[in-house]
**Q** 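What follows is a single structure, and I will ask about it in a moment.
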Amino acid sequence: MKRSSLVAAFVLVAIAACSNSPYPKSDDGIKVRYIALPEWPKTLDPGVSYSALDHAVIANVYDTLLEYHYLNRPFELIPGLAQAVPDAQPLGGGRFAYRFRLRPGMRFQKDPCFAPGAGPADREIEAADFAFELMRIADPVVISPVVATFSKIVGFDEFAGRLAEKRKSDPSFAQLRIDRQYADAGGIEGVVVRGRYELEIVLREAYPQLLYWFAMPFTAPVPWEAIAYYDGRRGRPFFKEHPIASGPFRLARYDQHSRIVLERNPNWYGALHPEWRAPGATYPTSGEPGDADRGLLPPEYVGRPLPFLDRIDFRIDKEDIASFNKFLQGYYDASGIIQESFDRAVQNGGLSPAMAARGMALAKSVEPAIFYIGFNMKDPVVGSAGGVRARKLRQAMSLAIDAVEFLRVFNNGRDVPAQSPIPPGIFGYEPGYTNPYRKPDLERARALLDEAGYRGGIDPKTQRPLHLTFDAGSPDTRSRLRYQFWVDAWRRIGIDVEIAAQNYNAFQEKMRKGAYQIYTWGWIADYPDPENFLFLLWGPNSNSLNPGAPNNSNFADPRFDALFVEVKDMPNGPERMRKIVEMRTILERERPWIELSHTESYALYHGWIRNVKPVGLSIPTGKYVDVDPKLRRAQRREWNRPILWPAWALAAAFVGIVVPGVITFFRERQ
Amino acid sequence: MLAYAIRRLAYGFLVVLGVLGLLFVLFFLYAKPIDIARRAVGEKAPSAVLQTWIAQHGYDRPWPEQLRDHYWRMLSFDFGRSDIDDVPISRRLSEGAGPSLSFTVPAFVIELLLGVGLALFVAYFRDTYIDRMGVILAVLSMSVSILLVIIAGQYVFGKLLNWFPISGFDPDPALLPRFIAMPVLIFALAGIGGEIRFNRTLFVEETSRDYVRTARAKGAGDGRVMVRHVLRNALIPILTHVVTAIPFLFTGSLLIESFFGIPGLGAVTVDAIQSSDFSTLRVMVYIGALLFIVFQIVTDFTYTLADPRVRLE
Amino acid sequence: MSEPVLEVTDLVTTFPTDASLAQRAEGERRPAAGRAAVVDGVSLSIAPGEVLALVGESGCGKSVTALSILRLVPKPGRIESGRVLLAGRDVRALPISEMRAVRGAVAAMIFQEPMTSLNPVQTVGVQVVEAIRLHERMSAAAARARCVELFERVGIPDADARFDSFPHQLSGGLKQRVMIAMALSMQPKLLIADEPTTALDVTIQAQILALLREVRDRFGMAILLISHNLGVVNELADRIAVMYAGQVAEEGTREELLAHPRHPYTQRLLASIPSRHRPGEPLAEIPGVVPAPGEWPAGCRFTTRCHRAFEPCATVVPRATPISDTHRAYCHAVALEEERA
Amino acid sequence: MEAHVVSNAVVAGLVAGALYTATRVRKSRFWSESFRELGRRRPVALAAIAFYVALGLADSVAWLDSGAQGIAAHRPRSLVDRLFPAEFQERSYSAPLAFEEFYGGAGLRFPGQHWLGTDILGRDVLHMALKGARVALLLGGLTSLIVIPLALLFGMSAGYFGGRIDDAVFFAISTLSSIPSLLLLIALIVALGRGPLQVCFAMGVTGWVSFSRVIRGETLKLRELDYVAAARALGASESRILLRHILPNVMHLVVITFVLLFSGMVLTEAILAFLGIGLDGSWGQMIDQARDELARDPIIYWNLTAASVALFGLILAVNLVGDAIRDILDPRTVRENV
C-alpha cells in the first residue's frame with residue numbers, strides 16, 4: 001500500500017512545484033524580448049553567415065556603415081556608422097568610387113581580446129576595421145559566400161591570389177598575426193583608408209547595388225584583435241561563436257543548441273553619445289503613410305534615443321507547433337502563423353475575434369521572395385535541347401499546376417500566386433500582369449502535349465506514360481506531401497513523374513552533373529532590386545558552368561542574357577521597365593520555371609510589444625522594439641492557470657480500483 | 001575472480017575493435033571523400049579549396065592508413081570535427097551529455113523502481129483482478145508506439161492542462177524539474193509495460209518456491225517475504241533484463257530530445273541523421289556501444305553480489 | 001494427561017476441484033464452484049513431549065492438515081471450518097499479526113526437501129538469526145551466539161564456520177539440521193515435521209530421527225510427525241493416526257496400532273511393509289487407487305477398496321468406535337465387532 | 001518483369017508454403033495440439049492477425065485494368081484498391097462521412113463515402129490505413145525470410161560444432177548486439193541509402209543477432225542431451241543429426257522469437273518514419289505526417305487515430321499471441337536467451 005501512496009505523492013508534488021513557464025521568476029520585471037528560432041545558427045561570423053536566421057541575431061550585434069530606414073517603404077538607405085550616404089563618383093576607365101566618413105568617438109564593446117591578459121578593454125572604431133573585414137571576405141580560408149559580389153572592387157581578387165601564394169610558399173607566413181598577413185600581402189588596391197575615419201571603395205565597373213551590401217552584416221567593422229584572440233585554442237571559443245559588438249546589443253550567452261542571449265551594449269555610439277541624435281540611434285520621426293494609425297509613430301517613442309530593450313533572448317525551438325502554442329501561452333512575444341493554426345488566427349483576411357480579444361495585433365507584409373519549380377534546360381527531354389517539343393511539354397506542365405489551389409491546401413490561401421520571377425514591392429513588378437501559362441487549363445495542356453508528340457501523355461518510344469524524375473534532396477514528410485500534390489497534378493494530364501528522394505550526397509552529385517530534370521527551389525532577396533531575381537536566369541550564372549552558381553535551370557537565352565546586362569545597372573525608370581517586360585515575355589514562352597508563389601508573411605504580436613513592423617530583409621529591428629513587462633506578466637498568469645482536477649481524478653481512480661481489491665484480498669486471507 | 005575480470009575486459013576490448021571495424025566499413029560505404037569535403041566546406045567552394053580540405057583531413061590517404069588512423073583516434077577519444085559545422089565532436093558530446101543524462105537517468109531509475117515495485121505488488125495479489133488488470137495494462141502499454149505517447153502527452157499535459165512547458169530546456173536547477181518532468185514521465189511509462197510483465201512472471205515463479213514457505217513458517221510478514229526473499233532471488237534475471245534496457249535509453253532520448261527540444265546527445269544524433277553527418281553519427285554509435293559493453297561487464301560482476309551460487313570462472 | 005499442546009477438532013480444508021482449477025488457469029472469469037474438502041473433519045490432539053505420527057498414502061491430506069495448523073495453506077486452498085487450539089489459543093481466530101507471533105515461537109515446522117527449503121542467496125546463519133530476531137529483540141552478536149549454540153545442539157560440526165556458509169555449500173543432512181535448529185530457535189511447544197527424512201539417504205535418516213527423539217526428551221517438545229514410511233513411524237511415534245482420503249481412519253498408541261490394527265485399511269497398509277512380510281508369499285497390496293478429491297463415495301471413503309465392505313459402508317459415514325480409551329477406528333465392521341465383543 | 005507480377009508470384013508462393021506447413025502441422029501431434037491450445041486461449045488476437053495477414057496478401061495481388069486509359073492503364077490495382085472507386089481522391093481534408101470539405105465547405109466528389117475522412121491531399125484515410133498492413137507485413141515477413149535461415153545456419157553450427165566457428169559467430173553476435181539496435185539500424189540505412197530493401201536488410205541484421213543467440217544457446221543444450229549422443233553412436237552423420245534432431249527441437253524457439261521480434265520491428269519502423277528513413281506508405285509515415293494536425297483548431301484527429309489504431313491493433317494482437325505461444329511451447333528457455 002505504502003508504495004502506491006508514494007507514487008501519488010510524487011505526482012502531486014511535481015505538479016505543485018512546476019509551473020509551465022519556461023523562464024525564471026527574475027525575468028518577469030525586465031524588458032526582455034523572447035524570440036523562437038526554428039534552427040540553431042550555423043555561424044555568427046558576419047563575413048560568412050548568409051541565412052536570414054543568422055542575421056536575425058547578428059544584425060542586432062554588428063552595426064554597418066549604412067542602414068535601412070525602419071518605417072519608409074520602398075526601402076531607403078540612411079547613414080549608420082557613416083555620417084552620410086555617399087554617391088558614386090565616376091573615375092576614368094569606367095571605375096566608380098564611394099567615399100565614407102566615420103563619426104569619430106565610436107567604440108567597440110569592452111572585451112579581453114583588445115588587451116589579452118589585462119582584462120576587458122575597448123578601442124575606437126576606425127576605417128581600417130572596415131578594410132580589414134573586406135580583406136577577410138577575400139581571404140580564401142574564411143570561405144565567404146559573397147566573394148563574387150565584392151570581386152567587383154579593384155584589386156580584390158589579386159589580393160586573394162597574393163595571400164594564397166604567400167601562404168603556400170612560406171609556411172611561417174601563416175603563423176603571423178592576421179593583420180600583418182593582410183598588410184604583407186599588400187591589401188586591396190580598391191579599398192583606400194585615409195586617416196582614421198575615411199574609407200574609399202573603388203569599383204572596376206558600375207554596380208549601384210553596392211550600397212545595399214554596406215547595409216548588410218558582411219561589411220560590418222571587425223577588429224583584427226578578435227580574429228587573432230578567438231581562435232578556438234586553449235579553451236577560447238572560435239570567432240564565429242564570439243562576435244565583437246559595434247551595435248546596440250552584445251552577446252551575453254551562447255549555448256549554440258538551445259539558447260542565445262543579447263544584452264544592451266553600453267559602448268554603443270547611440271548610448272555614449274545620445275546628443276548626436278544620429279539617424280541610426282533615434283526612433284524615426286516619420287514613416288510610410290498609415291504607420292501613424294498603425295501605432296508605429298507614438299509620441300512617447302518618436303525621436304527618443306534607442307534601444308529600449310535590456311535583453312533579447314533567442315530560444316531554439318525546432319517544432320513549429322510547440323513554439324506557436326508557447327506564443328499563444330504568452331511565452332514568445334511574436335510568431336509567424338503556422339499552417340495548422342491559420343484559421344484560428346485569421347478570418348477573412350483580418351485578426352480573428354478570439355485573438356483580438358487577447359489584445360494581439362496582426363501584421364501582413366509581402367516579402368521579396370520567389371518559390372518555383374524549375375526544369376533543367378540541359379536535359380534532352382525537358383530542356384532546350386528538346387527544341388519546340390520540349391517547350392510545348394514545359395508549357396503543358398506549367399498549365400497543369402494550379403498555384404492558387406496549392407496555396408489554398410498548403411498555406412491556407414496565404415502567399416501571392418507568382419506570375420513572374422519578380423515579387424511585389426520590387427521595381428519591375430506589374431500587379432495587372434497575368435502569365436497565360438500560369439492559369440490552370442487541363443484541356444489546353446493536353447492539346448499542347450499532343451502537339452509535342454506525347455498523345456495522352458504516352459511516350460512514343462516506350463508506349464508508356466512519359467516518365468520524368470523530380471529530384472528532391474532528403475525531404476521530410478511534410479515537403480513530400482507538397483511534391484505529391486504536383487505529381488498528382490501532372491498525372492491528370494497523363495505524365496508519370498516520380499519523386500526521386502535519395503540521401504543528401506547523391507542529390508548534390510546529381511545537381512552537379514546536371515543529371516536532373518525537374519527540381520524545386522526558392523530565393524529570398526538580398527536587396528530590393530530586380531537584378532537580384534533576374535540574375536537567377538542569367539546564362540553565365542548557370543550551375544553547369546561553375547558548381548554552386550544560382551542558375552539551376554542552366555537557362556541561357558542570348559536575347560535574355562543581353563537584356564540582363566543592360567538592365568542590371570540602369571536606374572529605375574520606364575526604360576528599365578520596358579526591357580524587364582521584354583525579358584518577362586521570353587520567360588513566359590520558354591517556361592524554364594513554373595512560378596509558384598511570393599511569400600506573404602503574416603505575423604502575430606502580443607499587446608505588450610510595441611513598434612513592431614515586419615521587414616523581411618536583415619534589418620536590425622531589435623533596437624526599435626519595446627516591451628511592457630507588467631502587462632505581459634498579468635496576461636501570462638491569466639492564460640496559464642494549470643487545470644489540476646485531472647490529477648485528483650487520476651489519483652482517485654487509481655485508489656478506487658486498487659483499494660477494494662486489496663481489502664477483499666486481506667479479508668479473504670487466512 | 002581476477003582472471004575472469006581480465007578475460008572479460010580483454011574480450012570486451014576485442015568487441016570494441018569489432019565495432020570500430022564495422023563503423024569504418026559503413027563509413028566508407030557511405031561517402032566518397034569529395035562529398036564529405038563539399039558538405040563540410042560548402043557547395044560553392046572551388047575545387048582547389050576542396051582538395052586542400054581533403055588533404056587536411058587525410059581522406060586522400062590509402063585506406064589501410066586511414067583504418068589505422070581511425071582506430072588510433074577513436075581509441076584515444078580524439079573524435080575530430082563534425083562534417084557539417086566543423087565543431088569538435090568531443091565538445092558537442094560534453095555539451096550534449098548533461099541535458100541527455102538530466103532526464104534519462106531519472107527516467108531509468110523510476111522505470112526500474114516502478115517496474116520492480118509494481119510487479120511485486122501485482123505478483124503479491126496473484127490471481128486477483130488486480131493481477132489480471134496489471135498484466136493487461138502492461139501488454140497495452142507495450143503495444144503503443146512511444147511516438148504516440150509523446151504526441152499525446154505533449155498535447156494533453158502541455159497544451160490542454162498547462163502543467164508543464166510544452167517543450168524546451170534550461171540547465172538552471174530552479175527550472176530544470178519543470179522541463180524534464182514530462183520527458184521523464186513519458187519515457188518511464190513507455191518502457192514500464194515490458195518491465196512489469198517480465199518481473200511479474202519472475203516473482204510469481206519465486207513465490208511458489210519452498211524457501212518462501214519456510215520464511216512464512218518462521219513468522220515472517222508478507223512484505224518481508226516479498227522483498228528479502230522473493231526479490232533477492234529474482235535479482236539476477238532482473239539485472240540481465242535491465243542491461244538490455246540500456247539501448248532503449250538511446251531510442252527514447254533520440255525521440256524525446258527532438259520532440260521536447262532538449263539539446264542532448266539524442267538531438268545531436270537526430271540532426272546528424274537528417275543532415276547525413278556521418279562523422280558525428282559514427283562517434284555516437286561508438287559511444288553507445290562502449291557504454292553498453294562497460295555496463296554489461298559491470299552487470300556480470302554484480303551477479304556475484306546478487307547470487308552467491310554464481311562463480312565467475 | 002496434562003493440557004494438550006495441540007487440539008484439532010473437525011478441521012475442514014478445501015481446494016477447488018481439478019475441473020475448476022483447469023478453467024481458472026485459463027483465465028476463466030467464473031471457475032466452477034466445486035471445492036473438495038482435501039481435509040474433511042480431522043480431529044487429533046498431542047500432549048507435551050508426545051510424538052503423534054500422521055500416516056497415510058501421499059495425497060491423503062496429511063501435509064495439508066499440518067499446514068492448516070499454522071494457517072499456511074497455499075492459495076487457492078482455504079480452511080473452511082473446525083477448531084485448532086494451539087497451547088490453548090484458537091489459531092483460526094487470531095489476527096494475522098498475532099498469528100505471525102505464533103509461527104516459529106509457539107509452533108515450528110520443518111519440511112521434506114531441505115535442498116530447496118533454505119533461501120539459496122542467504123547464508124544459513126542469517127536465516128536462522130532472522131527466525132530468532134523476528135520474535136525477540138536481540139543484538140546481532142547475541143543472535144549469532146544463540147544460533148551457533150543451536151547449531152552445536154543439533155550436531156553441526158564447527159558450527160561457527162558453518163554460520164557464514166551458503167545452503168549450496170552444505171550436504172542434505174546438514175541442511176536438515178539447520179532447519180531443525182531454526183525450528184528450535186524459540187523453543188516452540190510443538191514441532192511439525194513434514195516427512196523430515198524422506199529426501200535423505202538411510203544413514204542420515206537415523207541421525208535425524210535420533211536428533212528428533214533427543215529434542216522430545218530434552219525439551220519435552222510435542223512433535224507432529226508426518227510420514228508415509230512406517231519404519232520411521234515405528235521408531236519415533238508414541239501415538240499414530242492413520243489417514244485416508246482426507247479423514248482419520250484409525251488412531252491409537254504405537255503398540256495398539258502396530259500389534260493389532262483393526263481398520264481394514266490399516267491392516268492392509270501394515271501388511272504391505274516388505275520387512276514384515278513372510279518370505280515366499282506374494283507381497284500384499286491394496287487393489288484400486290485412492291479416489292481424487294471430490295470423487296469420494298458417500299459413506300466410508302475406503303469402501304470401494306475395502307475387502308470387508310458391507311451394506312452400510314457405501315452410504316453411512318462411519319463414526320468413531322472406541323476400542324480402548326486410546327484406540328479408536330472409524331469403521332462399521334469394527335463397530336460390529338465391538339458390539340458383539 | 002513488372003513489380004506487381006513479382007508480388008503476385010510471391011503471394012502464390014507464400015500461400016503454397018502455408019498450405020504445405022499446415023499439412024505438416026496436422027501430422028505432428030505436438031504442433032497441432034499447440035495450435036488448438038493457442039486457438040482456445042487467444043481466439044480474438046489470432047483472428048485479428050489472420051485479418052491483417054489476409055489484408056496484406058490481398059493488397060499484394062494486383063493486375064492492370066484492360067479498360068483504363070492514360071496513366072491509370074499502367075497503374076496495377078490490388079484487391080484492396082479495388083474495394084474503392086478509381087481516383088477516389090478529394091481536393092483536401094474532409095471529416096469522416098462528411099458531405100463537404102473540412103475547410104471552405106466546398107462539395108466533395110464522393111460525398112459521405114469516406115468512412116475515415118481524407119488527408120491533406122484528399123487521399124482516403126481508410127484506404128491508406130488498409131494499405132499499411134502490407135508494408136508492416138512486408139517489413140516483418142521479408143526481414144524474417146532473410147534472418148531465420150541465416151540465424152539457423154550460424155546459430156546451429158556455432159552451437160553444435162563449437163570451437164572456431166562458435167568463436168567467430170559469438171564474436172559477430174557480441175559486436176552487433178553491443179551497438180544499440182536503433183543506432184545500428186540508422187547507421188546501416190544512412191550508409192546504404194533509404195530504399196525499402198535497405199531498411200529490411202538493416203532490420204534483418206539487427207533481428208539476426210537475437211535469433212542466432214537464442215538458437216546457439218538452445219543447440220548448445222541439445223548437443224549435450226543423451227539422445228544426440230545416442231544418434232551419433234548409431235553412426236548418424238553430423239548433418240543428419242543437425243537436420244533430423246536439432247532443427248525440429250529448435251523450431252518452436254524460432255516461432256516464439258519471430259513473434260517477439262515482429263512487433264519490435266514494426267514499432268521501430270514508426271520511429272524510423274519520424275526520422276525520415278522509414279518505409280513509404282507505412283503507418284509510421286502516416287503518423288508522422290498527421291502529428292501536426294493535432295494543433296489545428298478544430299482538431300483534425302481521424303488521420304492520426306486511424307494509423308495509430310491500425311498499428312496498435314496489430315502489435316497488441318501479436319504481443320498477446322506471442323505470450324500465449326511462449327507459455328504453450330516453452331516457458332523457460334526463451335526468457336534466459338532473449
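Reminder, nothing fancy here: chain letters follow the sequence lines and each chain counts from 1. Keep in mind that what you see is a predicted model, and the values were worked out from it rather than measured. Basis for what follows: all heavy atoms, side chains included, without hydrogens, waters or symmetry-related copies.
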**Q** What part of C:Met179 gets within 4.5 angstrom of chain B, counting heavy atoms only: side chain, backbone, both, or neither?
**A** side chain

**Q** Less than 6.0 angstrom from the centroid, inside 45 degrees of the normal: does B:Arg213 satisfy that with respect to the ring of C:Phe111?
**A** yes

**Q** Where does C:Ala131 contact chain B at under 4.5 Å (heavy atoms): side chain, backbone, both or neither?
**A**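 Backbone plus side chain of C:Ala131, per the 4.5 Å heavy-atom cut-off to chain B.
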
**Q** Can you tell me if C:Met115 has over 12 outside heavy atoms packed within less than 6.0 Å of its CE?
**A** no

**Q** Less than 3.5 Å apart, any donor N or O on the side chain of B:Tyr124 or B:Asp131 sitting next to an acceptor on the other?
**A**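 The criterion, which ignores hydrogens and geometry beyond distance, is not satisfied for B:Asp131 and B:Tyr124.
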
**Q** Counting only heavy atoms closer than 4.5 Å, note whether C:Leu67 contacts chain B via side chain, backbone, both or neither.
**A** side chain

**Q** What part of B:Arg228 gets within 4.5 angstrom of chain C, counting heavy atoms only: side chain, backbone, both, or neither?
**A** both

**Q** Output all residues satisfying side chain to side chain donor-acceptor pair (under 3.5 Å) with C:Arg133, sequence neighbours left out; order by chain, then residue number.
**A** none

**Q** Chain C: which of B:Asp210, B:Leu235, B:Thr207 shares the most heavy-atom pairs with it under 4.5 Å?
**A** B:Asp210

**Q** Looking at C:Pro74, C:Pro120, C:Ala108, which makes the most heavy-atom pairs under 4.5 Å with chain B?
**A**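 Winner by heavy-atom pair count: C:Pro120.
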
**Q** Is the closest basic N to carboxylate O distance between C:Arg78 and C:Glu80 below 4.0 Å?
**A**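 Judged by the 4.0 Å cut-off on N to carboxylate O distance, C:Arg78 and C:Glu80 do form a salt bridge.
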
**Q** Identify which part of C:Leu134 has an atom lying under 4.5 Å from any heavy atom of chain B, answering side chain, backbone, both or neither.
**A** side chain

**Q** Pick whichever of C:Leu70, C:Val121, C:Ile192, C:Val102 has the most heavy-atom pairs under 4.5 Å with chain B.
**A**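 The residue among C:Leu70, C:Val121, C:Ile192, C:Val102 with the greatest pair count is C:Val121.
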
**Q** Among C:Asp158, C:Asp160, C:Val178, exactly one meets side-chain contact (heavy atoms from CB on, under 4.5 Å) together with C:Phe151. Which residue is that?
**A** C:Val178

**Q** Does any backbone or side-chain atom of C:Met182 lie under 4.5 Å from a heavy atom of chain B? Answer side chain, backbone, both or neither.
**A**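 Side chain of C:Met182 only, per the 4.5 Å heavy-atom cut-off to chain B.
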
**Q** When only pairs under 4.5 Å are counted, which of C:His135, C:His168, C:Glu113, C:Glu130 shares the most heavy-atom pairs with chain B?
**A**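 Top option by heavy-atom pairs under 4.5 Å: C:Glu130.
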
**Q** In plain terms, say whether C:Asp194 and C:Lys62 are close enough for a salt bridge, that is, a side-chain N and a carboxylate O under 4.0 Å apart.
**A** no

